[in-house]
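Here is how names work: the chains are called A, B, and so on, in the same order as the sequence lines, proteins then strands, and each is numbered from 1. Everything numeric in this text was worked out from a predicted model, so none of it was measured.
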Number of protein chains: 4
Amino acid sequence: MLINLDFESSEPIYTQLVQEIIAGIAKKEILPGERLPSVRSLAADIGINLHTVNKAYQQLKQDGFILIHRQRGVVVNPDGIPAADEVYMNQLKKTLHPLVAESICRAVDADTFMQVCKELYQSFERGGKDE
Amino acid sequence: MLINLDFESSEPIYTQLVQEIIAGIAKKEILPGERLPSVRSLAADIGINLHTVNKAYQQLKQDGFILIHRQRGVVVNPDGIPAADEVYMNQLKKTLHPLVAESICRAVDADTFMQVCKELYQSFERGGKDE
Amino acid sequence: MLINLDFESSEPIYTQLVQEIIAGIAKKEILPGERLPSVRSLAADIGINLHTVNKAYQQLKQDGFILIHRQRGVVVNPDGIPAADEVYMNQLKKTLHPLVAESICRAVDADTFMQVCKELYQSFERGGKDE
Amino acid sequence: MLINLDFESSEPIYTQLVQEIIAGIAKKEILPGERLPSVRSLAADIGINLHTVNKAYQQLKQDGFILIHRQRGVVVNPDGIPAADEVYMNQLKKTLHPLVAESICRAVDADTFMQVCKELYQSFERGGKDE
DNA sequence: GTGGTCTAGACCACG
DNA sequence: GTGGTCTAGACCACG
């Protein structure tokens with residue numbers, strides 16, 4: 001899996017890292033039960049601090065994506081990622097809301113918007129070269 | 001237009017304000033050429049800092065949503081909001097990307113995702129009671 | 001509220017801090033909506049690192065005890081603490097299980113055990129001098 | 001006796017092992033004077049490290065649950081487990097304190113809390129299927 | 001070797 | 001002044 005970080009972005013590094021790993025799982029580059037690099041080795045590989053990696057891992061653990069064994073390291077949740085519940089769907093809507101609002105203002109119609117979503121979905125199925 | 005702010009959110013107040021105003025424009029509650037309250041009066045109405053409102057207005061101006069005249073005050077861009085260009089669409093894709101990734105992991109399929117988007121679009125057309 | 005930490009304990013400082021603050025809420029020394037000290041001032045008062053206080057606050061936030069406003073600081077959840085749900089009760093049972101097991105081995109009968117619990121409850125109602 | 005370990009728990013394995021054995025004694029699945037498996041065989045059975053089992057046994061010995069003979073192996077204390085003394089009761093109170101505090105905050109009243117304890121006691125008498 | 005905890009110190013966004 | 005992020009470096013428990 002390729003981790004792609006933008007150090008100039010205002011998006012925190014740990015958030016970007018979280019998103020990259022989720023993308024890797026979505027693309028099935030890492031499967032349930034598979035190991036992720038240790039905090040230290042990933043930090044060294046990327047060239048960031050170990051605490052930053054740790055913060056990303058803690059959030060992924062919190063959200064059910066990974067399990068952290070103190071000894072055996074970090075693995076993608078072997079039971080799979082928890083399916084979307086009402087809380088997730090509401091959160092998703094809340095996040096999409098301003099994107100839809102601005103798109104409407106800028107004359108992007110619903111079909112175009114949905115087409116963009118569909119293509120993103122397909123890019124993950126095809127191996128996710130959109131990243 | 002109703003401005004709805006969540007002071008407990010981690011989203012900065014000025015960002016929420018920007019989004020609320022954009023939502024108001026999307027719902028056609030405020031039309032091109034119409035005036036927005038002055039920085040001072042809006043700040044007083046909502047009970048937030050002058051700088052916060054100013055920051056929001058500056059960003060809206062930057063993005064082509066409003067014009068700020070020294071004398072005539074703040075108006076929604078009379079020429080309409082600049083239509084989406086390639087830069088906007090790329091930015092949109094980049095923002096949607098992690099949402100799609102997590103949704104895939106959580107077993108939300110493309111049709112469900114697009115249905116959520118469609119409903120959001122419809123909520124704006126109907127007057128945006130989803131806010 | 002008095003924060004009482006044991007730096008010799010194997011219990012992490014941030015965990016002790018979490019427990020002390022929960023005890024303060026249980027004793028009604030801090031009420032819903034009331035402010036807690038800022039991360040920095042509490043760290044300075046106790047003589048520990050700001051990150052340690054932050055970790056405690058983050059956990060309290062996670063568990064619904066407090067809200068963290070970036071500007072206005074930290075307040076006890078004005079809506080009150082989320083009531084126990086099934087998850088909490090199961091967690092509680094799981095934590096009590098080994099305590100009951102060892103107590104049985106050591107000839108502490110159910111009535112004595114429950115009496116200890118009752119007295120602890122009463123100590124909180126009386127102002128919690130048991131701490 | 002069934003040893004049930006959760007390798008995904010943040011609770012150290014040796015602590016879980018200690019608790020499982022104490023639970024077995026509480027349920028009278030192993031009686032005073034009865035032998036426990038050797039360090040080696042238990043480690044092999046469960047599939048964990050020798051040191052982990054050893055650490056658990058050392059703690060059980062320390063707390064008076066078992067005796068470790070060079071030749072005769074490991075036996076549950078034939079004189080029975082040392083009864084609770086003041087030290088134990090104080091330790092128990094200290095452990096229960098944060099559980100009671102959080103339960104109060106979460107609107108679990110004393111009767112409910114004690115009922116949970118009572119049911120745990122009963123589960124041990126009935127053979128401890130709650131484990 | 002692994003993650004967990006803690007410290008010290010820095011810079012930043014927000015308001 | 002507030003919390004958020006990030007770094008660098010240290011020591012520890014676990015196995």
Side-chain donor or acceptor of B/Arg106 paired with backbone N/O of A/Pro82 under 3.5 Å = yes
Using a cut-off of 4.0 Å on non-hydrogen atoms, how would the nucleic acid contact of C/Gln58 be classed: base, sugar-phosphate, or nothing?
-> sugar-phosphate
Between atom CD in D/Gln59 and atom P in F/dA13, what is the gap in whole Å?
-> 14 Å
Establish whether the base of E/dG1 is bridged to the side chain of A/Gln71 by a donor-acceptor pair shorter than 3.5 Å.
-> yes
Less than 4.5 Å apart, any side-chain heavy atom of A/Ile68 and any of A/Gln58?
-> yes
So what does D/Ile13 hit on the nucleic acid, given a heavy-atom distance under 4.0 Å: a base, only sugar-phosphate, or nothing?
-> sugar-phosphate
Counting any heavy atom closer than 4.0 Å, what does D/Tyr14 reach on the DNA or RNA strands: base, sugar-phosphate only, or nothing?
-> sugar-phosphate
Tell me: CZ of C/Arg70 to C1' of F/dT5, nearest whole Å?
-> 11 Å
Atom CZ of B/Phe7 and atom P of E/dC14: how far apart are they, to the nearest Å?
-> 15 Å
Rounded to the nearest angstrom, tell me the gap between atom NE2 in A/His69 and atom C1' in E/dG3.
-> 12 Å
Separation of atom CD1 in D/Ile46 from atom C1' in F/dG15, rounded to whole Å = 14 Å
5'-most contact on DNA chain F (nearest-nucleotide basis), A/Gly47 vs C/Ile68, goes to C/Ile68
Write down the partner of E/dG4 under the Watson-Crick or G-U wobble criteria, each distance required to be under 3.5 Å.
-> F/dC11
Determine the contact category for C/Leu50: base if any of its heavy atoms lies under 4.0 Å from a base atom, sugar-phosphate if only primed atoms, P, OP1 or OP2 are that close, otherwise nothing.
-> nothing
Roughly, in whole Å, what's the span from CG in C/Leu17 to C1' in E/dC6?
-> 13 Å
Pick base, sugar-phosphate or nothing for A/Arg72, based on heavy-atom distances below 4.0 Å to the nucleic acid.
-> nothing
Between C/Lys55 and E/dC6, is there a side-chain N or O to OP1/OP2 distance below 4.0 Å?
-> no
Indicate, with a heavy-atom threshold strictly under 4.0 Å, whether B/Asn49 touches base, sugar-phosphate, or nothing.
-> sugar-phosphate
All heavy atoms of C/Glu29 vs all of C/Leu2, minimum pair found to be OE1-N, 4.3 Å
Contact nearer the 5' end of DNA chain E, comparing A/Val74 with B/Glu11 = A/Val74
Please determine if a side-chain N or O atom of C/Asn54 lies less than 4.0 Å away from the OP1 or OP2 oxygen of F/dG4.
-> yes
Taken to the nearest whole Å, CD1/B/Ile48 to P/E/dA13 is 19 Å
With respect to the phosphate group of F/dC14, does any side-chain polar atom (N or O) of D/Thr52 fall under 4.0 Å of OP1 or OP2?
-> no
Nearest heavy-atom neighbours spanning B/Leu17 and B/Ala56 = CD2-CB, 3.7 Å
Ranking F/dT7, F/dC14, E/dT2 by distance to the side chain of D/Pro12, first place goes to F/dC14
Quickly work out the A/Arg40 CZ to F/dA10 P distance and round it to whole Å.
-> 12 Å
At their closest point, which heavy atom of C/Leu5 faces which heavy atom of C/Glu20, and how far apart are they?
-> CD2-CG, 4.4 Å
Could one point to a donor on the side chain of A/His51 or the base of E/dC6 with an acceptor on the other under 3.5 Å away?
-> yes
What are the two closest non-hydrogen atoms of B/Ala26 and A/Ala101, and how far apart are they?
-> CB-O, 3.5 Å
